[in-house]
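Worksheet: the structure to be examined is printed underneath.
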2 protein chains.
Amino acid sequence: MTRRAILSPEKAVLGLLMRGPMHGYELYQKYATELGPIWRAGRSQVYAILKQLEETGQVAAQTEWQPSRPARKVYHLTPAGRQAFLDWVHQPVKSIHDIRVLFLAKIYFLRQLELGGLEELIAAQKAVCRERMQAIAQAAANLEPTDFAHLVSEFRYRQMEAILGWLDHCSRQFAVQGEST
Amino acid sequence: MTRRAILSPEKAVLGLLMRGPMHGYELYQKYATELGPIWRAGRSQVYAILKQLEETGQVAAQTEWQPSRPARKVYHLTPAGRQAFLDWVHQPVKSIHDIRVLFLAKIYFLRQLELGGLEELIAAQKAVCRERMQAIAQAAANLEPTDFAHLVSEFRYRQMEAILGWLDHCSRQFAVQGEST
DNA sequence: GGCCTCATGTAATCGGTTACATGATTAG
DNA sequence: CTAATCATGTAACCGATTACATGAGGCC
């Protein structure tokens, strides 16, 4: 089967480095305050991710020596890392859980880095959500309304509905902002 | 710190045993088809949970020998296990994620085992959700609507709203069923 | 003197998934 | 002959959390 969905915040680390080079400690600080609330990671984990990204050639580092302070490793994106991030950030996601984590992070980065494609991402995500809603409704249609599985479907349907409403809210929000700039 | 929130389906295993004694293999079958969709667990995990529940005295087992088949260990609840389950099943949960997993399971068991207290649980859960919504709204009040954190709040608020709607739907559903019986 | 910040990492642990091992019986 | 079902478990691995180690400097 192997329907694994590795959910480690490596893309978020790449996203933070899109702003410019940073060393691990600083990166974690930024991470914890800005993205921590939606996509949590520990300090050790961030260091581990940086190490792994370095091994796979997505980031590179120079060591900076400073007097009477520990040396710091300043990381910057490689072209490969930059591309990996850009490929990721424009893709909509599938599950509700991914929307709560990955999609919010994508919005965050698209706005902050002013990359463009925000409207397109939201539109694409809406389409994905509508598909999922249809699938849920179809699955529920064959069930008795008293059935437990029907209750579960109802739950998921409503969750998706709420997300669609929120996506609309996002569209409107960004449209207004877009006009004023 | 240690704000551990172990989310392993041990309560669900106890819940299945509320129906009567079962051996591990059978329990997993029931688990996978009935609860698997909302609270997933692997086969090994279920065996591990049974072992752990036995060690903590919440279940006990007898080995049944049968000709030309592997022996089976038939588990049954101890009074402690029964009590642990009953304590758990009547408590509302805090997070959205827990509602998607734990709360749905609680509903499932309360209905199936006809334990009573369904209405009370739903009412208690509604109260918890309303509290969370107020907290979210209050946190968002101090933020600019263009702020990312505000968007996140908006998201969570709408999710909670949808859950409240669904809880109402549940109430109505069960009220109708209650009348007809 | 004790604690916080800066700065990096390793090691232990934990919960969960996947793979492996056994071995008889039955269905295709 | 092969695959699946019955029935139980162990072992390896993987991602994430927690604790530990180091060591200078500043604050109360």
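Below, all heavy atoms of this structure are taken into account, side chains as well, without hydrogens, waters or symmetry copies. Protein chains get the first letters and strands the later ones, always in sequence-line order, with residue 1 at the start of each. Note that the coordinates shown come from a computational prediction; the quantities given were computed from them, not determined experimentally.
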Subject >> Separation of C:dA7 C1' from A:R43 CZ (nearest whole Å) >> reply: 9 Å
Original post:
OP1, OP2 of D:dG15 versus side-chain N and O of A:Q45: anything below 4.0 Å?
Top reply: no
Original post:
Under 4.0 angstrom, heavy atoms only, what part of the nucleic acid is B:A48 near: base, sugar-phosphate, or nothing?
Top reply: nothing
Original post:
For B:R40 and C:dT17, what is the distance between atoms CZ and C1' respectively, to the nearest whole Å?
Top reply: 10 Å
Original post:
Is the distance from OP1 or OP2 of C:dA24 to the nearest side-chain N or O of B:Q66 less than 4.0 Å?
Top reply: no
Original post:
With sugar-phosphate meaning primed atoms plus P, OP1 and OP2, does B:Q29 contact a base, only sugar-phosphate, or nothing at under 4.0 Å between heavy atoms?
Top reply: sugar-phosphate
**OP:** Nearest whole angstrom, please: distance from the C1' of C:dT8 to the CD of A:E26.
**Re:** 14 Å
**OP:** Could you work out which one of D:dG9, C:dT8, D:dA7 sits closest to the side chain of A:K73?
**Re:** C:dT8
**OP:** Provide, to the nearest angstrom, the distance between the CH2 atom belonging to B:W65 and the C1' atom belonging to C:dG23.
**Re:** 14 Å
**OP:** State which of D:dT10, D:dT17, C:dA7 makes the closest approach to the side chain of B:K51.
**Re:** D:dT10
Subject >> Nucleotide D:dT8, atom P - distance to OH of B:Y31 in whole Å >> reply: 17 Å
Subject >> Rounded interatomic separation in angstrom, taking OH from B:Y47 and P from D:dA7 >> reply: 9 Å
**OP:** Decide yes or no, distance alone: a donor-acceptor N/O pair under 3.5 angstrom between the base of D:dA16 and the side-chain of A:S44.
**Re:** no
**OP:** Give the ring-plane orientation class for A:H97 versus B:H97, where under 30° counts as parallel, over 60° as perpendicular and anything between as tilted.
**Re:** tilted
Original post:
Rounded to whole angstrom units, what separation is found between the CZ atom of A:R69 and the P atom of C:dA7?
Top reply: 6 Å
Original post:
Is B:E120 salt-bridged to B:K106, cutoff N-O under 4.0 Å?
Top reply: no
**OP:** In whole angstrom, give the distance that lies between atom CH2 of B:W39 and atom P of C:dG16.
**Re:** 10 Å
Original post:
Choosing from C:dG9, D:dA7, C:dT8, which nucleotide comes nearest the side chain of B:Y25?
Top reply: D:dA7
Subject >> Closest-nucleotide ordering on DNA chain D, the 5'-leading residue of A:I49 and A:P70 >> reply: A:I49
Original post:
What about A:V128 and A:V101, same hydrophobic cluster or not, with Ile/Leu/Val/Met/Phe/Trp/Tyr joined at side-chain heavy-atom distances under 4.5 Å?
Top reply: no
**OP:** Would you please classify the geometry between the B:W88 ring and the B:F85 ring as parallel, tilted or perpendicular, with 30° and 60° separating the classes?
**Re:** tilted
Original post:
Is the backbone N or O of B:K73 less than 3.5 Å from a side-chain atom of B:T63, with the two atoms forming a donor-acceptor pair by type?
Top reply: no
**OP:** Side chain of A:R72 only, please: which of C:dT10, C:dG16, C:dT8 is the nearest?
**Re:** C:dT8
